[in-house]
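Here's the structure we're looking at; comments come further down.
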Amino acid sequence: MNRLFGASLRVRLLIGTLLGVSAALLVAGLVLSNLFREQVARQFQAGLRVHLDQLTASVEAGPDGQPVLSAALVDARWNKPYSGLYWQVDGLQGGRTVPALLRSRSLWDATLSVPADVLADGEVHVHDITGPDGLGLRVLERVVHPDDQPATAWRLSVAQDTRELDEAVSSFVGVLVLSLGVLTVALMAAAAAQVVVGLAPLRSLQAAVSALRAGRLQRLEGDFPAELQPLVDDFNGVLDQNTQIVVRARTQAGNLAHAIKTPLAVLSNAAARPDTAPGALARLVDEQVAQAQRQVNWHLSRARAAAAVGVPGVRTLVSAVAGPLVKVMDRVHAGRHLDFDDRTADVPLWFAGEEQDLQEMLGNLLDNACKWARSSVLVEVSATSAEKGAPRPCLQITVEDDGPGIAEALREKVLVRGARVDEQMPGSGLGLAIVLDLAQLHGGTLRLERSEALGGLRARLVLPAAV
């Protein structure tokens with residue numbers, strides 16, 4: 001059994017097919033042989049019934065009241081000793097049987113020993129007994145009364161050797177076994193051909209995977225059956241995802257190197273100048289180290305978010321993140337006396353991602369709104385349809401303020417990492433860029449629009465929802 005489970009798919013399919021075919025043919029053979037036996041037995045008994053009817057029509061009472069044949073039975077086997085076809089007439093008197101009042105010449109000096117039973121007038125019983133030559137006989141019997149002797153009863157029996165029945169069945173079974181054997185061989189050949197042809201696409205798939213591993217292909221290509229095409233598509237999807245991960249990792253590494261390169265160059269130039277004052281150098285080092293630290297934190301946060309995207313079972317309740325963030329922003333900007341309207345508390349929507357990512361995105365949007373708001377900040381969440389026909393459900397988080405807003409021509413610019421509209425406002429220019437990158441990593445979007453409710457900026461964040 002272990003060898004069977006460890007065998008190749010081709011061998012297992014062949015063995016399974018052969019076992020199924022063999023079982024089906026065995027059942028079919030048994031059913032056909034039984035049906036044939038029943039049919040032959042019915043015909044055999046129908047022939048005996050004809051003989052019994054002929055005997056019944058020919059037997060009548062003689063002058064002495066004993067049964068006699070009014071007409072000779074025409075079958076020559078009645079007169080040939082031990083021919084295998086016999087008839088006999090027994091008398092029934094007072095519950096006692098008088099055997100062989102009349103019998104066929106084929107019985108010679110033997111009699112038919114029919115089991116004693118009670119028969120109604122005209123009723124026919126069937127028995128299997130041993131004949132005079134030691135062979136099996138099938139007997140049909142009937143009780144009749146002479147017309148002028150209602151008190152007299154005769155039991156008429158006809159019997160025939162069952163060798164013809166057995167030989168017919170044996171001959172049929174032999175032909176059936178031979179036919180089923182030929183059919184089994186043909187089906188085995190057909191099964192082998194089917195397995196070879198059916199597994200041919202798997203060999204093509206294996207060749208494509210080998211070419212992919214050897215670097216000759218970038219994706220699985222070829223004509224595959226409809227049953228294998230979903231597997232090929234999913235595999236190509238995994239390849240595309242891995243390619244995106246590699247490209248993203250290279251891009252992040254390059255961006256990080258470029259971002260740190262500038263502070264290092266500034267520090268190197270400052271250190272190379274002998275006239276740089278110690279105080280100025282210290283401030284410059286602090287500024288550039290802080291800049292480098294922000295860039296490192298930014299890229300580490302992005303890398304962590306990219307690794308967590310798509311993890312099954314991870315979800316975050318939006319209101320559980322929005323409520324605490326609004327309270328934090330209220331304390332941070334307490335001096336500005338802002339009015340926060342948090343409408344997420346009673347909306348049970350879940351973000352399909354980690355809580356830290358949602359805090360990062362929503363925190364940056366709230367911080368940006370608080371910096372520019374005059375007096376009011378509004379936060380809402382609602383279910384929405386996915387963009388571009390994406391199959392998964394989405395949710396929409398909007399953060400609005402009553403500040404000056406952003407001109408439509410500048411909305412794309414502020415989403416670029418490091419870009420700032422007002423250099424006098426404190427910040428690094430990374431907040432909205434972080435939100436956009438994290439949203440895109442999760443398959444979402446960020447749109448900057450004019451707030452119809454408050455008149456300032458409306459940040460509309462669409463993210464995948466967990467169900």
Side-chain angles (χ1 to χ4, degrees), residues 33 36-174:
S33 62
F36 182 79
R37 180 182 291 275
E38 292 177 2
Q39 180 63 26
V40 172
R42 283 195 295 268
Q43 293 178 352
F44 185 83
Q45 290 183 193
L48 281 178
R49 182 67 176 263
V50 172
H51 290 310
L52 181 61
D53 291 341
Q54 290 177 351
L55 178 63
T56 303
S58 300
V59 173
E60 62 182 22
D64 57 354
Q66 296 299 312
V68 296
L69 290 182
S70 62
L73 300 179
V74 297
D75 197 316
R77 290 177 294 175
W78 298 124
N79 298 316
K80 182 180 178 181
Y82 303 132
S83 64
L85 184 62
Y86 314 104
W87 63 264
Q88 180 175 293
V89 179
D90 300 331
L92 300 176
Q93 297 178 356
R96 185 173 59 87
T97 300
V98 180
L101 295 178
L102 195 64
R103 58 185 173 178
S104 65
R105 185 181 295 273
S106 58
L107 278 173
W108 199 243
D109 57 352
T111 59
L112 298 177
S113 298
V114 182
D117 54 0
V118 179
L119 288 85
D121 291 346
E123 185 180 5
V124 177
H125 281 192
V126 180
H127 301 284
D128 287 323
I129 65 174
T130 301
D133 52 358
L135 299 177
L137 297 178
R138 179 153 297 178
V139 181
L140 267 66
E141 62 172 348
R142 170 189 291 157
V143 171
V144 297
H145 297 271
D147 293 336
D148 55 350
Q149 301 179 22
T152 302
W154 299 329
R155 182 169 67 174
L156 280 59
S157 303
V158 295
Q160 186 172 354
D161 190 348
T162 58
R163 284 181 298 180
E164 294 183 5
L165 173 63
D166 296 335
E167 289 173 358
V169 173
S170 298
S171 177
F172 175 79
V173 170

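The analysis underlying the following values was restricted to heavy atoms, covering all of them including side chains, and did not include hydrogens, waters or symmetry mates.
- Using a 4.5 Å heavy-atom threshold, the side chains of T111 and P99 count as separate.
- Among all heavy-atom pairs drawn from L112 and A159, the shortest one is CD1-CB, 4.1 Å.
- The stretch residues 89-120 participates, sequence neighbours left out, in no ring pair (Phe, Tyr, Trp, His ring centres under 6.0 Å) pair at all.
- Residues L69 and W87 have side chains in contact (heavy-atom distance under 4.5 Å, counting atoms from C-beta outward).
- The nearest pair of heavy atoms linking P67 to L102 is O-CD2, 3.7 Å.
- Taking a 6.0 Å sphere around CZ of R77, one finds it holds more than 12 heavy atoms contributed by other residues, nucleotides or ligands.
- Within the structure, every pair that satisfies the salt bridge (Lys or Arg N to Asp or Glu O under 4.0 Å) test and touches residues 102-119, not counting sequence neighbours, is listed here: D117-R155.
- With S106 contributing its side chain and S83 its backbone, the two residues share no donor-acceptor pair below 3.5 Å.
- Between the CG atom of L85 and the NE2 atom of H51 there is a distance of 5.0 Å, given to the nearest 0.5 Å.
- Partners of R42 according to the side chain to side chain donor-acceptor pair (under 3.5 Å) rule, which considers only residues two or more places apart in sequence or in another chain, are Q39.
- In this structure E123 satisfies the side chain to side chain donor-acceptor pair (under 3.5 Å) test together with H125, sequence neighbours excluded.
- Residues A153 and V143 approach most closely at CB-CG1, 4.2 Å, considering heavy atoms.
- Closest non-hydrogen pair, G131 versus L137, comes out as CA-CD1, 3.2 Å.
- Looking at every heavy atom in both residues, I129 comes nearest to S113 through CG2-O, 3.8 Å.
- Annotation: side-chain contact (heavy atoms from CB on, under 4.5 Å) contacts of V126 (sequence neighbours excluded): Q45, R138, L140.
- Nearest approach of P132 to Y82, heavy atoms of both residues: CB-CE2, 3.6 Å.
- Taking CG of L55 as the start and CD of Q88 as the end, the distance is 10.5 Å to the nearest 0.5 Å.
- Rounding to the nearest 0.5 angstrom, the gap separating the CD atom in E164 from the CZ atom in F44 is 6.5 Å.
- Interatomic distance, CG of D161 versus CG of D166, reported as 8.5 Å (0.5 Å rounding).
- One N or O on the side chain of D90 and one on the backbone of A100 form a donor-acceptor pair closer than 3.5 Å.
- For T162, the side chain to side chain donor-acceptor pair (under 3.5 Å) test picks out no residue, with sequence neighbours left out.
- Remark: E167 engages R163 in a side-chain contact (heavy atoms from CB on, under 4.5 Å) (not counting sequence neighbours).
- Checked against side chain to side chain donor-acceptor pair (under 3.5 Å), S157 has no partners two or more places apart in sequence or in another chain.
- Not counting sequence neighbours, the partners of T56 by the side-chain contact (heavy atoms from CB on, under 4.5 Å) test are L52, R142, V144, L156.
- Within a 6.0 Å radius of CD in Q66, other residues, nucleotides and ligands contribute more than 12 heavy atoms.
- The side-chain contact (heavy atoms from CB on, under 4.5 Å) test applied to S70 returns S58, E60, not counting sequence neighbours.
- With sequence neighbours left out, the salt bridge (Lys or Arg N to Asp or Glu O under 4.0 Å) criterion links R49 to D53.
- Considering only residues two or more places apart in sequence or on other chains, F36 meets the ring pair (Phe, Tyr, Trp, His ring centres under 6.0 Å) condition with F172.
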